[in-house]
Amino acid sequence: MTGEPRRLVALVDGSAFYCACERIFRPELRGQPVVVLSNNDGCVISRSIEAKRLGVEMGAPYFQIRDLLAERGVSVFSSNYALYHDMSSRIEQVLETFSGAVERYSIDEAFLGLQADPWAPDEPQRLSATARAIRQRVWDVTRVPVRVSIAETKTLAKAASELARRLPEQSACLWRHPHRDRWLSSLRVRDVWGVGPRWARRLEADGAGTAAELAALADDHIRRRYNVVLLRTALELRGISCLPLGEAPPPRQSLVRSRMFGTPLADAAPIGRAIAMHAAAAAARLRQDGLAAEAIEAFVTTGNRPPRWRGRAATVLPTATSDTLALVRTARQLVAPALRGARPGTRFKKAGVILTGIVPVGQRQADLFRRPTAEQPALMAALDAATRRFGRGAVVVAAQGTPDDLRDIHAGGGQTAWGMRRAHLSPRYTTVWDEIPEARL
Amino acid sequence: MTTTAPLPLAASDPPVRLPYYHNLCDAGFPSPASDYVESTLSLDELIGASRPETYFVRATGRSQVRAGVWPGDLLIIDAACPPRDGDLVVAFVDGGHTVKRFCRVGRKVWLAPDPLPEEAHAYAEIHDAEDLVICGVVTFTLRSHRPSRRDR
């Protein structure tokens, strides 16, 4: 007798992914404490387990812990997104050999659709072997360690990932696992995916402090005292899938690109170039994700010190677009209005763009009564191809300033007035010819 | 006497795709499909440039290795391929990446700087397979015979 195959979900999760990427071409750092800093070398956004054990907190401002890190011999890196994105897409390619349904959830997490034969007695063992094989293959191809957890739903797979974290093989199959109930009873509700700290406190007060207890709450009770989102989480914990693959997080509603200037600026020209650069970066990001934006805002601020001043100007695009030229052109037109009203000589600290009304390209609505945004898809494809081939900043819109300006910023020197501080940037080992690793003969 | 000027080779961009005809030397009745282009030659495909396990590494240092690798050569590396005895590999030794010959006899594994078997033992650096960091097997090398700035 054969039944319907059981649909399962595997979660592949890179632990301290940015740190792991920094170790790929620096194997001497394996087992050593590593941290990666946010843009502008602001704060810790990734820490290896060794750094965690030394007491380095996530989000800790770099300037506060710089001495401590040096003293403890922690290797510090500026964020090298070119490298992280490339490694992430290599991992995705590996995962696609294991499943036809791969959903990249974030740069270091992906869900895979798997199937199990519910009638085969050794299916759980087979799936555990698959989980180990995925982990091994990702390591072989990228030298990035990942955890792999398999369960009936995304929420359970997330929970199983916590289980996998504690196991030497760093992988687990929760489906039909003999200790499944015991594990879910020991998982605190605050560690369940989708349960925020506020609800966690309320659930604990409500006598549902563990994942198992949340799953056991009555539907009506959850709907009355909480909401339908938490009900969905409870159902998922019971093994009923409410977040099918490809359907998980709705596309981001907004996309923000902004950055502090190296030194405060009063002059409109460099501010305009910075805003153009942010608009171009945001446009590239939209195209990468198959999205388009309906509105764009440009803003400048003086930061937190008085006299505080924040200027902004926004406009709705004729139709949703991800076209670099259209977005840069529009952003440039917003610079003067955004600066209007500021006292002459005001020194700004930061500028950026916010794109809103973000929709998948297929879903955008044309407005019958307005001319659509002028787009040049072929040019954009060429621009993206050139960027992939020659690196970021190889081809830029003239409004951003010269490619040399951009190269200087990316080199981390921060020579341009609005450049970013990236004093600890590693080479773009896999995406720029001049930065590939070298091997002595 | 007539001289034939060499055909000018136009710089082409995008790169030329060379048609690959499969059926050229068939004797007998010509296949009706012989006019079809079967595929095109792609260097990317040959070296697996877009496979996730493929990495590029630049060779530097000594004048020449007897394996035929020169400084400035572009090494195409397969990170996932398990090295076999005699493979050229990129390994991480003494804090840097180096090109070495991978040797295995039984369970004994070592790296030789050069592929000369009679000398290999003199240079042998015997390692437990465990603590040997092999970054990948060199599958191809690419050398420009008209070095530009980039190729040094």
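Letters A, B, ... mirror the listed sequences (proteins, then strands); counts begin at 1.
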Exercise for review: Determine which pairs satisfy side chain to side chain donor-acceptor pair (under 3.5 Å) with at least one residue from residues 133-143 of chain B, sequence neighbours left out, and list them in order.
Suggested key: B/D73-B/R143
Review point. What part of B/I77 lies closer than 4.5 angstrom to a heavy atom of chain A: side chain, backbone, both or neither?
Key: neither
Review point. What residue, out of A/R143, A/R30, A/E92, has the most heavy-atom pairs lying under 4.5 Å from chain B?
Key: A/R143
Check your understanding: Just wondering, are more than 12 heavy atoms of other shown residues or ligands nearer than 6.0 Å to CG in B/D85?
Key -> yes
Review point. What is the distance from atom NE2 of B/H97 to atom CZ of A/R440, rounded to the nearest 0.5 Å?
Key: 10.5 Å
Check your understanding: Do NZ/NE/NH1/NH2 and the carboxylate oxygens of A/E435 and B/R58 come within less than 4.0 Å?
Key -> no
Exercise for review: Going by the side-chain contact (heavy atoms from CB on, under 4.5 Å) test, name the single residue among B/L75, B/T98, B/V69 that passes it with A/L441.
Suggested key: B/V69
**Study point:** Side-chain heavy atoms of A/Y429 within contact of B/Y55, under 4.5 Å
**Key:** no
Review point. Where does A/T430 contact chain B at under 4.5 Å (heavy atoms): side chain, backbone, both or neither?
Key: side chain
Review point. Could A/R26 and B/F92 be counted as a cation-pi pair, given that NZ or CZ must be under 6.0 Å from the ring centre and within 45° of the axis?
Key: no
Review point. What part of B/V57 lies closer than 4.5 angstrom to a heavy atom of chain A: side chain, backbone, both or neither?
Key: both
Revision key, fill the gap. When every non-hydrogen atom of A/R90 is compared with those of B/R51, the smallest separation belongs to NH1-O, 4.1 Å
Study note, to complete from the structure: Nearest heavy-atom approach of A/Q93 to B/P52 is NE2-CD, 3.5 Å
